[in-house]
Amino acid sequence: MTIAPTIRVQHEDFDLQAEVDRLSKGKAGIGAVVTFSGLCRDEGGTLAALELEHYPGMAEAEMRRIGDLAIARFGLLGLTAIHRYGKIAAGENIVLVVAAAPHRQAAFDGANFVMDFLKTAAPFWKKEHARDGATGDWVAAKDADDAARDKWK
């Protein structure tokens, strides 16, 4: 049986527990579920929000490709990846990855793998909005994110 990842790019928030339940309920072969929820930081009180944009169609396709790779590589029994777009206030959810596997290490590795590739390969862009009302620049890619991704090669 082929497992397909659940992939969503959406403006509205997500419910972490509902997503875990949707992925794992009634699947007796699952021994571990790992979740990662990425939040918008306030950067020491200076950041009010992030504005996230994506390339519609391409973002979902790349997320699906990454999800398929994770499922095959780590033997996942389920995977959900949700990425939000729009203006997201400090403290709000940005991204969710839920990885289910027979054993914990595969679930941890699968979730890490997905996040490392989402950060570097999926077409999403972030612009900072400061508390003082100033709009910052688009956030540049980080070498540390590339290094995290490259460890999987």
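Worth saying up front: this structure is predicted, and the values here are computed from it rather than measured.
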* Atom pair CE/CZ of M63 and F124 - distance to nearest 0.5 Å -> 5.0 Å
* Asked: Quick one: are L69 and F113 in side-chain contact, heavy atoms under 4.5 Å?
  -> yes
* From CA spacing to verdict: side-chain contact (heavy atoms from CB on, under 4.5 Å), H83, I94 -> CA-CA 6 Å; H83 204 299; I94 297 173; 3.8 Å; yes
* Heavy atoms from other residues, nucleotides or ligands near NZ of K119 exceed 12 (cutoff 6.0 Å) -> no
* Asked: In this structure, are over 12 heavy atoms from other groups packed under 6.0 Å from D137 atom CG?
  -> no
* Asked: Say you draw a straight line from CZ of F36 to CG of L16; how long is it, rounded to the nearest 0.5 Å?
  -> 11.0 Å
* Same cluster for L96 and L77 if Ile/Leu/Val/Met/Phe/Trp/Tyr side chains link at under 4.5 Å? -> yes
* **Pair D150 + K153: basic N to acidic O under 4.0 Å** => yes
* To do: Please report the shortest heavy-atom distance between E62 and A122, naming the atom on each side.
  => CG-CA, 3.8 Å
* To do: Would you check if R84 and D13 make a side-chain contact, meaning some heavy-atom pair closer than 4.5 Å?
  => yes
* **Crowding at CZ, R73 (>12 non-hydrogen neighbours, <6.0 Å)** => yes
* Asked: How far does CG of L52 sit from SG of C40, to the nearest 0.5 angstrom?
  -> 8.0 Å
* **Cluster link I82 to F117, ILVMFWY, side chain under 4.5 Å** => no
* With side chains defined as the heavy atoms from C-beta onward, is the minimum distance between T35 and V20 less than 4.5 Å? -> yes
* Spacing of CG belonging to N112 relative to CZ belonging to R149, to within rounding of 0.5 Å -> 15.0 Å
* side-chain hydrogen bond (donor to acceptor under 3.5 Å, both in side chains) between S37 and N93: does it pass, once the steps are laid out? -> CA-CA 7 Å; S37 178; N93 293 313; 3.1 Å; yes
* Asked: With the 4.5 Å side-chain cut-off for hydrophobic clustering, are W125 and I88 part of the same group?
  -> no
* To do: Could you tell me which non-hydrogen atom of P102 sits nearest to which non-hydrogen atom of G75, and how far apart they are?
  => CD-O, 3.7 Å
* To do: Enter the distance from D145:CG to M115:CE here, rounded to the nearest 0.5 Å.
  => 8.5 Å
* To do: Grab the two heavy atoms, one from V114 and one from I66, that are nearest each other, plus how far apart they are.
  => CA-CG2, 3.9 Å
* Asked: Is there a side-chain contact between E128 and T135, using heavy atoms and a 4.5 Å cut-off?
  -> no
* Asked: More than 12 foreign heavy atoms under 6.0 Å from NZ of K142: is that the case here?
  -> no
* Heavy-atom closest pair, residues E60 and I7 -> O-CG2, 3.9 Å
* Kindly determine whether V97 and L79 satisfy side-chain contact (heavy atoms from CB on, under 4.5 Å), including the steps that lead there. => CA-CA 7 Å; V97 174; L79 177 71; 4.1 Å; yes
* Asked: Less than 4.5 Å apart, any side-chain heavy atom of L118 and any of V95?
  -> yes
* Structure fact -> When rounded to the nearest 0.5 Å, the distance separating NE2 of H129 from NZ of K87 is 4.5 Å
* Asked: Take atom CZ in R131; do more than 12 heavy atoms of anything else shown fall under 6.0 Å from it?
  -> yes
* A107 to V34 - nearest heavy-atom pair and separation -> CB-CG2, 3.6 Å
* Within a strict 4.5 Å, meaning less than it, do heavy atoms of the V98 and V33 side chains meet? -> yes
* Answer whether the closest heavy-atom distance between the side chains of D68 and P5 falls below 4.5 Å. => yes
* ring pair (Phe, Tyr, Trp, His ring centres under 6.0 Å) contacts touching residues 2-34 (sequence neighbours left out) -> H11-Y85
* **Neighbour count above 12 (heavy atom, 6.0 Å) for K151 NZ** => yes
* Hey, is R8 close enough to E19 for a salt bridge, meaning N to O under 4.0 Å? -> yes
* **Heavy-atom pair with the smallest gap, counting every atom of G110 and A70** => O-CB, 4.3 Å
* Chi angles and distances behind the side-chain contact (heavy atoms from CB on, under 4.5 Å) call for E53, W138 -> CA-CA 10 Å; E53 291 189 8; W138 292 100; 3.6 Å; yes
